[in-house]
Novice: 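Below is one structure. I have some questions about it.
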Amino acid sequence: MEQLLVQLAIFIIAAFLGFELISRVPNLLHTPLMSATNAIHGIVLVGAIIVFATADDTFTIVVGFIAIVLGAMNVIGGFWVTNRMLGMFRPPVKRVRKRKG
Amino acid sequence: MEQLLVQLAIFIIAAFLGFELISRVPNLLHTPLMSATNAIHGIVLVGAIIVFATADDTFTIVVGFIAIVLGAMNVIGGFWVTNRMLGMFRPPVKRVRKRKG
Amino acid sequence: MQVATFLAYLVAAVLFITGIRRLRKPGTARSGNTIAAFGMVIALVATFLVVEVDAAWVWLLIGVGILLGGVLGAASAQMVPMTAMPQMVAAFNGVGGGCIALVALSEFYQGAAETWVAVISGLLTVVIGSVSFAGSIVAFTKLQELAFTGSVVFPLQQVLNALIFVGILLLSANVLADGAIVEAVGAPFLSPLVSLYILFAASLVLGVLFVIPIGGADMPIVISLLNAFTGLAAAASGFVLGNYALLIGGTLVGASGTILTRLMSGALGRPLGKIIFAGITATATQKGDQQEDREVHDASPGEVGEYLSEEANKIVIVPGYGLAVAQAQGPMHDLMETLESRGKEVLFGIHPVAGRMPGHMNVLLTEAGVPYDKLYDLEDINPEFDDTDAAIIVGANDVVNPAANDPEQDTPISGMPILEVEKAKRVIFVKRSLSPGFAGVDNPLFYDTEKTMMLFSDAKQGLQEVVEAVKSA
Amino acid sequence: MQVATFLAYLVAAVLFITGIRRLRKPGTARSGNTIAAFGMVIALVATFLVVEVDAAWVWLLIGVGILLGGVLGAASAQMVPMTAMPQMVAAFNGVGGGCIALVALSEFYQGAAETWVAVISGLLTVVIGSVSFAGSIVAFTKLQELAFTGSVVFPLQQVLNALIFVGILLLSANVLADGAIVEAVGAPFLSPLVSLYILFAASLVLGVLFVIPIGGADMPIVISLLNAFTGLAAAASGFVLGNYALLIGGTLVGASGTILTRLMSGALGRPLGKIIFAGITATATQKGDQQEDREVHDASPGEVGEYLSEEANKIVIVPGYGLAVAQAQGPMHDLMETLESRGKEVLFGIHPVAGRMPGHMNVLLTEAGVPYDKLYDLEDINPEFDDTDAAIIVGANDVVNPAANDPEQDTPISGMPILEVEKAKRVIFVKRSLSPGFAGVDNPLFYDTEKTMMLFSDAKQGLQEVVEAVKSA
Ligand SMILES: NC(=O)c1ccc[n+]([C@@H]2O[C@H](COP(=O)([O-])OP(=O)(O)OC[C@H]3O[C@@H](n4cnc5c(N)ncnc54)[C@H](OP(=O)(O)O)[C@@H]3O)[C@@H](O)[C@H]2O)c1
Ligand SMILES: NC(=O)c1ccc[n+]([C@@H]2O[C@H](COP(=O)([O-])OP(=O)(O)OC[C@H]3O[C@@H](n4cnc5c(N)ncnc54)[C@H](OP(=O)(O)O)[C@@H]3O)[C@@H](O)[C@H]2O)c1
């Protein structure tokens, strides 16, 4: 019970943090941001490995293996494609921007 | 140990949340914000009450009592003065602001 | 849980947070992605060190699985064209959702979910994960135009949705009550595990039904929502496994995905509920057949090129959906360079909902080599139009349609802030016809023959011809 | 810990978070404060319900203590003038720090700190809490001008600081090692508890020594820093007590206080380390005696009033430190109303570091009845000066001194962004003399007899006379 409560506390604080982290992000970066957070939830790969490691029946082995493949795709593909996208964001050519020109 | 680790996790996430919450607050509100967060750390009053409640010697009773008085001052005075300050922030008279006029 | 593992997971979580923080500015975004990826590596290594494995073949299979998934993921990530980014994100989100659902299934099979909290979290994980999986795959096929294109509706769709939803609730209760519920309703006994399989299948169907009625243009919002779902499912499985890396990472993604979804639907000017339920109640947007026989100024590439090179000094380019369709980023970049080499000032005005996905236009243009400080967003570009000599609108309509601000008209885009190109001295449209855009609202600017030149052409070809004309002018 | 108590503490933490979120916008700030206060009530009630008390007199004393503290706090909060806000915040921060230090002392006395983590957290709490207490009280007396005004320095101050610091480390080690350390150094045996008392006293002295060398103008930064300290100490005592309300609440304040301190010192254009250590190495600012015999345009209130009512249409008022000293908010508000009743446009330009404390000027002006949408900050007001007819600078110098941007001069304010009043058609200074401000840098604008009118007067009296003059013009 104690553990559950503490997990709840972490869940709530982390949720607020998530909200704060993303508020006011510029439209310019919406697509890469979505793609990167997408890669982060690939952390389920950790769950897949843990479950697979304790597998002792065919069902779990098969299902766990598929889960590992899918999770690895999510993680590696996600970070990779985000990196590719962001690699294209050239830094400004001239330092001084003429906004109100 | 388990509990300590979890507390550490909460501490770290809450610290990030605190940073995010305050970044980009307008100068206009720095004084009330300082005063309100000041009142929030008056939560130590809770600690003072817990310690005082288990007191069974004169030292703890005296020190605990002083702690309660100080803590209550911090909490009640802090929220009160912040409320007074913020009560003076009149809402804008006209809705449409002429910034780039 | 070992202390070292816990600390490693905590470090991973901190790196995720730091990574997301840095993703908020273009200058630091790439390093942010790298930092988050590094956090993932730490979490994985910590997991390897802590799991206890009986036989070597388990390690082997884990390695093969990661390698297989990694190669598939990396290869598709490397080969996907930037225009296909929305479906790529959808696909990766889908596999993540699938992974979570399968993890939860295995846990139930192994009997790992013992407390009622674990059972409820596990059920949530299965349902959300499978909806996210199936929904994302449908979104992928829609965007890739493999199947389900447009808004797919059929009779009694809502009734079916409701039935499946009730069924899922019933099956969940059955799992919780160890098989007692379905029997009580009068049906034959269903063991918790069998209920779970049916639940899994039903959730997949629900995911499909949830997404097929939603039109292609609303797909990015749906993908973002499913992304948040997958994050929540990961957090829920963190509860089940008592794993803090999953808990924190999943929660961060769930919360930030929710906000991102709201930001996006806010930029579209439509509340989230409307997108989802308008999809389900399915009113098709009225498109086309509004071409009128009113007079327009039908300009040739030569005429446009001449005006640009001789009379215009400050030029704002407004790209839209049609640019992505025509893959005209390259010629647009050429146009920028050619004009700049003649001493013109060239800016880009990017509307938040231009393109196929929020922020997508920016990715396309930066890919073509436009530096991101030339990409102005709505608030920054609008004051610039006052002294702009030419606004070139390429494959866009809704985002520049002054009808959105016309209080007399009630259109799907009414109230949406637009790029005020009509304030520029001349307006040049590059599109194939007079047909309106996604919202189906005719644009009065087309018929302003004094101000507007219509260059009827495919965006790619049209821009190439304009570049030629400027060069030879 | 009971489940209900834990949940109540969690709710309190969520209300703190929500409260701080709302404190970021003027429109929602007041409700944010109320929400946070409500969270505090919940945390207190939950604590009352969970503590087990043997005798009724304990409850009585708790009640009396809270009542006493509450009445003292509320009375001072209600009676303090807005100009004295910095010292009020310092005082409340100080009592909070004192409370925490005493709580930690009692815990040690009761032997509650058993694990080494609890001991370390407890030691931190004692030290940080007492430094915060003593430092805040010194800051209070400085600002209230009761004692220690200016920068108090004496010979060998650094040596003394270092000695005390080493002593604190030694005593802490002694507590941790159950009294073994001091003995090993050759001194007589000191029991952990006695070491703790000495530690407590030494920390109080350190707090005093830390703050006395820092000048009054830097005090707000110091108060903000001590505020963050107290938050951290609260978090540390949350570790000791295993209390999540203290842990989360304290951490939030610690982190947000740190950021606030950095924002403030950033606005001042000086790094934090410089403020603290420049205080310790103590170089007095060279003030005064720079009055030159150069010609100025010495204007009468009548002349100023005539110009304002007859030739000026757009007027920007720039208040500074002198306004607060002279308590001239009221007359400034009258001036605004009088000018507005004659159809003039009146704005206020607030420099981030004007006044005695960041954001303090805003509080003073809103108290006098100026609506906050008339208060423009640096970036927003500077473009306005181009078409401003009169900039009235009341009791300010540094924040409008163009010398800050003069690359030839190396002054304490070099590089600080200023309010560019020199772009206005006329500049009117209301101050008592030609003496410069806090930074001691002469202002070339004073001697621009074409543009500048100098109204030599106390701010309150001067503004009152100008109001009269405008009314009778
Ligand atoms: N960005 C998002 O996240 C998002 C999401 C959901 C919905 N939407 C909606 O999508 C719309 C986006 O507005 P928009 O102005 O960018 O686009 P739009 O208003 O939909 O207009 C697109 C235009 O592109 C033209 N076009 C199509 N193919 C072309 C080609 N090969 N060459 C040249 N032109 C071509 C079409 O005209 P022709 O047929 O005459 O060539 C059409 O008028 C908004 O209504 C928005 O609400 C956006
Ligand atoms: N706000 C903060 O948080 C903060 C913190 C630390 C340091 N500071 C520093 O404080 C300075 C603030 O700049 P500032 O422009 O507001 O003030 P300032 O440059 O210090 O100038 C204050 C002016 O007020 C005048 N004055 C004093 N009493 C007056 C009275 N009764 N009536 C009329 N005038 C009076 C003084 O001139 P006379 O003697 O000629 O009247 C003086 O020139 C900056 O250098 C800033 O770095 C601010």
Side-chain angles (χ1 to χ4, degrees), chain B residues 4 7 10-11 14-15 18-19 21-23 25 27-38 40-44 46-53 59-60 63-83 85-90 92-93 97 99, chain D residues 16 20 23-24 26 29-30 33 36-37 40 43 47 51 53 65-66 68-70 72-74 77 88-89 92-93 95-96 98-100 102-103 106 109 117 224 227 230-231 234 237 239 241 245-246 248-249 251-253 255-256 259-260 352 357-360 362-363 366-367 371-373 377:
Chain B
L4 181 71
Q7 287 178 341
I10 292 186
F11 174 74
F19 284 130
L21 282 175
I22 300 302
S23 312
V25 75
N27 189 270
L28 173 71
L29 288 169
H30 275 176
T31 298
L33 194 75
M34 198 159 128
S35 166
T37 54
N38 186 355
I40 290 177
H41 68 48
I43 183 78
V44 286
V46 164
I49 293 173
I50 292 176
V51 164
F52 186 79
F59 178 87
T60 318
V63 167
F65 182 76
I66 301 178
I68 290 183
V69 174
L70 295 182
M73 256 184 93
N74 183 351
V75 169
I76 297 171
F79 282 120
W80 191 298
V81 83
T82 313
N83 188 49
M85 246 189 279
L86 290 170
M88 290 166 342
F89 281 76
R90 309 279 144 82
V93 182
R97 303 173 73 166
R99 277 274 145 121
Chain D
F16 292 159
I20 298 180
L23 274 161
R24 295 181 298 188
R30 199 176 191 189
N33 185 56
M40 192 64 77
T47 309
V51 289
V53 161
I66 292 182
L68 192 62
L72 282 177
M88 190 78 264
V89 174
F92 287 143
N93 184 54
V95 294
C99 174
I100 300 178
L102 294 182
V103 168
S106 320
Y109 191 85
V117 179
S224 181
N227 188 22
T230 314
S237 81
F239 268 102
L241 291 169
L246 281 173
I248 302 175
T251 308
L252 285 175
V253 176
S256 62
I259 284 289
L260 201 56
M357 170 178 198
H360 189 202
N362 302 288
V363 174
T366 50
E367 183 194 17
Y372 62 74
D373 64 335
D377 57 22

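Protein chains get the first letters and strands the later ones, always in sequence-line order, with residue 1 at the start of each. A quick note: this is a predicted structure, and the numbers were derived from the prediction, not measured.
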Novice: What distance separates B:Phe65 CZ from D:Leu68 CG, expressed to the nearest 0.5 Å?
Specialist: 5.5 Å
Novice: Do you know which two heavy atoms are closest between B:Ile22 and D:Ser256, and how far apart they sit?
Specialist: CG1-CB, 2.8 Å
Novice: Below 4.5 Å, heavy atoms only, C-beta onward: do B:Leu86 and D:Leu23 meet side chain to side chain?
Specialist: yes
Novice: Does any heavy atom of chain B fall under 4.5 Å from the side chain of D:Thr47, the backbone, both, or neither of them?
Specialist: side chain
Novice: So what's closer than 4.5 Å to chain D heavy atoms on B:Ile50: side chain, backbone, both or neither?
Specialist: both
Novice: Please report the closest heavy-atom contact between B:Ser23 and D:Ile259, naming both atoms and the distance.
Specialist: N-CG2, 4.1 Å
Novice: Could you tell me whether the side chain of D:Asn227 reaches within less than 4.5 Å of the side chain of B:Thr37, counting heavy atoms only?
Specialist: yes
Novice: Does the side chain of D:Ile248 come within less than 4.5 Å of B:Ile10's, by heavy atoms?
Specialist: yes
Novice: Only pairs of heavy atoms separated by less than 4.5 Å count here; which of D:Thr251, D:Ile100, D:Val103, D:Val53 has the most with chain B?
Specialist: D:Thr251
Novice: Under 4.5 Å from any heavy atom of chain B, what part of D:Val117 do you find: side chain, backbone, both or neither?
Specialist: side chain
Novice: Looking at D:Arg24 and B:Leu21, would you say the former's side chain and the latter's main chain have a donor-acceptor pair under 3.5 Å?
Specialist: yes
Novice: Among D:Gly70, D:Ala43, D:Ala234, who wins on heavy-atom pairs under 4.5 Å with chain B?
Specialist: D:Gly70
Novice: Identify the heavy atoms of B:Val51 and D:Ser106 that sit nearest to each other, and give their distance.
Specialist: CG1-CB, 3.4 Å
Novice: Between D:Leu241 and B:Gly47, what is the shortest heavy-atom contact and its length?
Specialist: CD1-CA, 3.8 Å
Novice: Could you pull out the closest heavy-atom pair between B:Gln7 and D:Phe239, with the gap in Å?
Specialist: OE1-CD2, 3.2 Å
Novice: Just give me the residue among B:Val25, B:Ile40, B:Ile68 that pairs up with chain D most often, heavy atom to heavy atom, under 4.5 Å.
Specialist: B:Ile40
Novice: So, do D:Cys99 and B:Asn74 sit near enough that their side-chain heavy atoms are less than 4.5 Å apart?
Specialist: no
Novice: Out of B:Leu70, B:Ile76, B:Leu33, B:Thr82, return the one with the most heavy atom pairs under 4.5 angstrom to chain D.
Specialist: B:Leu70
Novice: Would you say D:Asn33's side chain and B:Phe79's backbone share a donor-acceptor pair under 3.5 angstrom?
Specialist: yes
Novice: Using only heavy-atom distances, determine whether the side chains of D:Asn362 and B:His30 contain a donor-acceptor pair under 3.5 Å.
Specialist: no
Novice: Is D:Tyr109 close to chain B through its backbone or its side chain, or both, or neither, when contacts mean heavy atoms under 4.5 Å?
Specialist: side chain
Novice: Which one of D:Pro26, D:Gly73, D:Gly69 has the most heavy-atom pairs closer than 4.5 Å to chain B?
Specialist: D:Gly69
Novice: What pair of heavy atoms forms the shortest contact from B:Ala15 to D:Ala255, and how long is it?
Specialist: O-CB, 3.2 Å
Novice: Under 3.5 Å, is there a donor-acceptor pair between the side chain of B:Asn38 and the main chain of D:Val89?
Specialist: yes
Novice: Name the member of B:Ile66, B:Ile49, B:Val75 that forms the most heavy-atom pairs with chain D at distances under 4.5 Å.
Specialist: B:Ile49
Novice: How long is the gap from CZ on D:Arg30 to CE on B:Met85, to the nearest 0.5 Å?
Specialist: 11.5 Å
Novice: Looking at CZ of B:Phe11 and CG of D:Leu252, how far apart are the two atoms once the value is rounded to the nearest 0.5 Å?
Specialist: 10.5 Å
Novice: When rounded to the nearest 0.5 angstrom, what distance separates NE2 in B:His41 from OG in D:Ser237?
Specialist: 12.0 Å
Novice: Mind ranking B:Ser35, B:Gly42, B:Ala14, B:Gly77 by heavy-atom pairs under 4.5 Å with chain D and telling me who comes out on top?
Specialist: B:Gly77
